[in-house]
Amino acid sequence: QVQLVESGGGLVQPGGSLRLSCAASRSIFSIYGMGWYRQAPGKQRELVAGISSTAVTMYVDSVKGRFTISRDNAKKTVYLQMNILKSEDTAVYYCNRWPLRGDSWGQGTQVTVSS
């Protein structure tokens, strides 16, 4: 089973940017679609963006034009570039397989957007 480690979160002001990384532990990473998910306090976990094994991407409407998902199969890493961040983007961000998720979730990385 692929192990995933998220990093890159932090505290940022509204309008700022962050780049999240998700590193995989297996060489078969390239065959999986991958997604970024987030969970804000008191809310359900939701999909933010997905990227297929062939690099086709999708985004929820709330982040379109602001977030970009990408992958580097040689580095076994998926990224989420987040621009023009808003307070409502505050959440713990997780990566997992997409659209069919693996059984386990990692620790996630906290993103806090506040002035």
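The pair Lys86-Asp89 fails the salt-bridge criterion, with no side-chain N (NZ, NE, NH1 or NH2) lying under 4.0 Å from an Asp/Glu carboxylate O.
Rounding to the nearest 0.5 Å gives a distance of 6.5 Å between CD of Gln107 and CD of Glu6. Rounding to the nearest 0.5 Å places SG of Cys95 at 9.0 Å from CD1 of Ile69. Met34 contributes atom CE, which lies 8.5 Å from atom CZ of Arg97 (distance to the nearest 0.5 angstrom). Here Arg38 contributes atom CZ and Thr90 contributes atom OG1; the two are 9.0 Å apart, rounded to the nearest 0.5 Å. Separation of atoms OG (Ser17) and CD1 (Ile84) is listed at 7.5 Å; rounding is to 0.5 Å.
Judged by distance alone, with hydrogens and angles left aside, the side-chain atoms of Thr68 form no donor-acceptor pair with the main-chain N or O of Gln81 at under 3.5 Å. At least one donor-acceptor pair closer than 3.5 Å links the side chain of Asn96 to the backbone N or O of Gly102.
Both the sub-6.0 Å distance and the 45° axial angle are not jointly satisfied by Arg71 relative to the ring of Tyr32.
Shown here for Thr109 and Ser7, the closest heavy-atom pair between the two residues is OG1-C, 3.9 Å. The nearest pair of heavy atoms linking Ser53 to Ser30 is CB-O, 3.6 Å.
No side-chain heavy atom of Cys22 sits under 4.5 Å from any side-chain heavy atom of Tyr94.
Of the N and O atoms on the side chains of Ser52 and Thr54, at least one donor lies less than 3.5 Å from an acceptor on the other residue.
Checked against a 6.0 Å centroid threshold, the rings of Tyr37 and Trp105 count as neighbours.
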